[in-house]
Asks: 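This is the structure I want to talk about, given as structure tokens.
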Amino acid sequence: MIGARGVGVRLGGRQILTDVGLSVPAGAWLAVIGPNGAGKSTLLKAVLGLVPHQGEVLVQGRDVRGLRPRERARLIAYAPQNPVLPPDMTVADYALLGRTPYIPYLAGETAHDRDVTRSVLARLDLSELAARPLGRLSGGERQRVVLARALAQQAPVLLLDEPTTALDLGHQQQVLELLDRLRLADGLTVVTTLHDLTLAGQYADTLLLLSKGRTAASGPPGQVLTEDLVTAHFHAHVRITRPYGRPAVHLERPGNRSAPPG
């Protein structure tokens, strides 16, 4: 579904990404991880074709640089880390913006567009909030509304930049569980950036570790989330456990490593 090789991005005279590659099969979930400033968000924008880049990015075999904006929006849905949410716009009207790629210029939405939007809101348990202004939503509700707009695009590829930012633990789990259920039900191909390494290891099929704009490691979570790699690239003292077979990352104070539970 998504293939990239040799991706490089230079912005403002500074090299952000160098020779990055990735491969995401249809229906899979890739989480991009790395320290602050590693280029995670920039990589998503390169995949989307929002920033000039060297190398090749193909989505369903098509070079993203050759796609017109409406074509791209029908193929890839994108939720940025800090989306603009007009406080007076209602939940329903904001989600309906996801149908823009299908609405002809100078025309209004159709009954089908409204039906798609209502269906998405229902799946995300947002129907009762449809008439509520965005400025009156909680953090978890706002994240679900941003996801609703993306899903209303009915695109086969979903790019999410830090979808759990500013959410408490419970809402983080709710959003990621919901995303995983929708991915499996609709066959979506998902690429997310995630700050929390344990969440990335618990939910994604594969991980891509970026460090200083380059690929440091990629593969299944158990191969990427190792104590050596996390220590080297995050400069943190950690212990890795594997509850239910997936890695979990635990911070430890230097010189105070405890024995693993036995």
Side-chain angles (χ1 to χ4, degrees), residues 1-4 22 24-32 40-51 53 57-86 89 91-104 109-110 112-126 134 141-165 174-194 203-205 208:
M1 177 63 75
I2 305 174
L22 58 86
V24 191
W29 183 342
L30 169 71
V32 182
K40 301 184 296 295
S41 297
T42 300
L43 179 59
L44 289 196
K45 292 176 182 177
V47 171
L48 191 60
L50 288 183
V51 296
H53 63 270
V57 178
L58 301 178
V59 178
Q60 281 192 337
R62 304 177 68 182
D63 192 319
V64 295
R65 285 176 292 203
L67 297 174
R68 294 190 296 270
R70 291 169 73 85
E71 289 179 317
R72 185 186 301 124
R74 293 182 183 188
L75 188 60
I76 309 170
Y78 171 60
Q81 184 172 346
N82 297 302
V84 176
L85 298 178
M89 180 177 282
V91 167
D93 286 342
Y94 183 80
L96 188 59
L97 292 175
R99 300 301 301 165
T100 301
Y102 305 94
I103 300 174
E109 69 274 5
T110 66
H112 176 68
D113 295 319
R114 292 189 292 272
D115 287 343
V116 168
T117 303
R118 279 194 292 267
S119 175
V120 168
L121 292 178
R123 295 179 72 185
L124 300 183
D125 293 325
L126 291 169
L134 298 175
E141 290 166 346
R142 284 196 296 270
Q143 289 298 89
R144 279 189 286 150
V145 170
V146 171
L147 183 57
R149 174 177 171 170
L151 291 174
Q153 287 181 228
Q154 293 187 314
V157 175
L158 186 60
L159 305 183
L160 302 175
D161 194 0
E162 296 289 355
T164 58
T165 295
Q174 288 174 19
V175 167
L176 293 178
E177 286 288 337
L178 175 61
L179 178 59
D180 200 37
R181 289 198 302 270
L182 294 171
R183 173 181 71 98
L184 296 174
D186 296 351
L188 297 175
T189 303
V190 177
V191 180
T192 59
T193 63
L194 283 172
Y203 284 93
D205 299 313
L208 172 62

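Because the structure is a prediction, the values reported are computed rather than measured.
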Asks: At their closest point, which heavy atom of Ala92 faces which heavy atom of Leu121, and how far apart are they?
Replies: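 Taking Ala92 first and Leu121 second, the nearest heavy atoms are CA-CD1, 4.1 Å.
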Asks: Restricting to non-hydrogen atoms, name the atom on Pro163 and the atom on Thr193 that form the minimum distance, rounded to 0.1 Å.
Replies: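 Result for this residue pair: CD-O, 3.5 Å.
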Asks: Nearest 0.5 angstrom please: Thr117 OG1 to His112 NE2, how far?
Replies: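 Result: 9.0 Å between the selected atoms.
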Asks: List for me each residue that meets side chain to side chain contact (heavy atoms under 4.5 Å, CB included) alongside Glu109, sequence neighbours excluded, and say none if there are none.
Replies: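 Testing Glu109 for side chain to side chain contact (heavy atoms under 4.5 Å, CB included), a comparison that skips the adjacent residues, returns Leu96, Ile103, Asp113, Arg114.
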Asks: Please tell me if the side chains of Val47 and Ile2 come closer than 4.5 Å, counting only heavy atoms from C-beta onward.
Replies: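 Counting from C-beta outward, Val47 and Ile2 do come under 4.5 Å.
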Asks: Please name all residues satisfying salt bridge (charged side-chain N to carboxylate O under 4.0 Å, His left out) with Asp125, sequence neighbours left out, ordered by chain then number.
Replies: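 Result, salt bridge (charged side-chain N to carboxylate O under 4.0 Å, His left out) vs Asp125: none returned.
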Asks: Show me the pairs that pass salt bridge (charged side-chain N to carboxylate O under 4.0 Å, His left out) and involve residues 146-162, at least two apart or across chains.
Replies: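 For residues 146-162: none.
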Asks: Would you call Val59 and Leu67 a side-chain contact if the rule is heavy atoms closer than 4.5 Å?
Replies: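 Not in contact.
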Asks: Just to verify, what does Tyr102 make a side chain to side chain donor-acceptor pair (under 3.5 Å) with, not counting sequence neighbours?
Replies: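 Side chain to side chain donor-acceptor pair (under 3.5 Å) check on Tyr102 returns nothing, list empty.
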Asks: State which residues pass salt bridge (charged side-chain N to carboxylate O under 4.0 Å, His left out) with Arg62; sequence neighbours excluded, sorted by chain then number.
Replies: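 Checked Arg62 against salt bridge (charged side-chain N to carboxylate O under 4.0 Å, His left out); matches are Glu71.
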Asks: Using side chain to side chain contact (heavy atoms under 4.5 Å, CB included) as the criterion, list what pairs up with Ala204, not counting sequence neighbours.
Replies: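 For Ala204, the residues satisfying side chain to side chain contact (heavy atoms under 4.5 Å, CB included) (neighbours in sequence not counted) are Trp29, Ala31, Leu207.
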Asks: Working to the nearest 0.5 angstrom, can you tell me the gap between Thr42 OG1 and Leu50 CG?
Replies: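 Those atoms lie 11.0 Å apart.
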Asks: Are the side chains of Val157 and Val24 in touch, meaning some heavy atoms are under 4.5 Å apart?
Replies: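 Result no, sub-4.5 Å side-chain heavy-atom pair not found.
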Asks: Minimum heavy-atom separation for Ala77 to Ala150, with atom names?
Replies: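 Shortest heavy-atom separation between Ala77 and Ala150 comes out as CB-O, 3.4 Å.
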Asks: Could I get the full list of salt bridge (charged side-chain N to carboxylate O under 4.0 Å, His left out) partners for Asp205, not counting sequence neighbours?
Replies: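 Scan of Asp205 (salt bridge (charged side-chain N to carboxylate O under 4.0 Å, His left out), adjacent residues dropped) gives Arg183.
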Asks: So do Tyr94 and Leu97 actually touch side chain to side chain, heavy atoms under 4.5 Å?
Replies: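 Yes, at least one pair of side-chain atoms sits under 4.5 Å.
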Asks: Taking side chain to side chain contact (heavy atoms under 4.5 Å, CB included) as the definition, give me every residue that meets it alongside Arg142, ordered by chain and number, with sequence neighbours left out.
Replies: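 Expected list: Leu85, Leu137.
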Asks: Is the closest side-chain heavy-atom distance between Pro25 and Thr189 below 4.5 Å?
Replies: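 They are not in side-chain contact.
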Asks: Which residues pass the salt bridge (charged side-chain N to carboxylate O under 4.0 Å, His left out) test with Arg65, not counting sequence neighbours?
Replies: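 Arg65: salt bridge (charged side-chain N to carboxylate O under 4.0 Å, His left out) contacts with Asp63.
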Asks: Minimum heavy-atom separation for Leu126 and Ala148, please, with both atom names.
Replies: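 Minimum heavy-atom contact is CD1-CB, 4.1 Å.
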Asks: Quick one: are Val146 and Leu160 in side-chain contact, heavy atoms under 4.5 Å?
Replies: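 Val146 does not reach Leu160 side chain to side chain.
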Asks: Rounded to the nearest 0.5 Å, how far does OG1 of Thr165 lie from CD of Gln143?
Replies: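 Nearest 0.5 Å value for the CD-OG1 distance: 7.0 Å.
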Asks: For Gln60, enumerate each residue passing the side chain to side chain donor-acceptor pair (under 3.5 Å) test, keeping only those at least two apart in sequence or located in another chain.
Replies: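 None.
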Asks: Between Val91 and Leu134, is any pair of side-chain heavy atoms under 4.5 Å apart?
Replies: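 Touching, per the 4.5 Å side-chain cut-off.
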Asks: Under 4.5 Å between any side-chain heavy atoms of Leu151 and Leu124, yes or no?
Replies: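 A side-chain contact under 4.5 Å exists here.
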Asks: For Val32 and Leu22, run side-chain contact (heavy atoms from CB on, under 4.5 Å): C-alpha distance rounded to whole Å, both residues' side-chain angles, the deciding distance at 0.1 Å, then the answer.
Replies: CA-CA 10 Å; Val32 182; Leu22 58 86; 5.6 Å; no
Asks: Which pair of non-hydrogen atoms, one from Pro101 and one from Gly98, has the smallest distance, and what is that distance?
Replies: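 That would be CD-O, 3.3 Å.
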Asks: Looking at CG of Leu30 and CE of Met1, how far apart are the two atoms once the value is rounded to the nearest 0.5 Å?
Replies: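 Taking CG in Leu30 and CE in Met1, the distance rounds to 13.5 Å.
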Asks: Does any pair with a residue in residues 72-86 pass side chain to side chain donor-acceptor pair (under 3.5 Å), and if so which ones, sequence neighbours excluded?
Replies: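 Output for this query is empty, none listed.
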Asks: For Leu184, enumerate each residue passing the side chain to side chain contact (heavy atoms under 4.5 Å, CB included) test, keeping only those at least two apart in sequence or located in another chain.
Replies: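 Checked Leu184 against side chain to side chain contact (heavy atoms under 4.5 Å, CB included); matches are Asp180.
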Asks: Quick one: CZ on Arg181 to CG on Leu179, what's the gap to the nearest 0.5 Å?
Replies: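 Going from CZ on Arg181 over to CG on Leu179, the span is 10.0 Å.
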Asks: For the CD atom of Gln154 and the CG atom of Leu188, what is their distance to the nearest 0.5 Å?
Replies: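 Output value for this atom pair is 10.5 Å.
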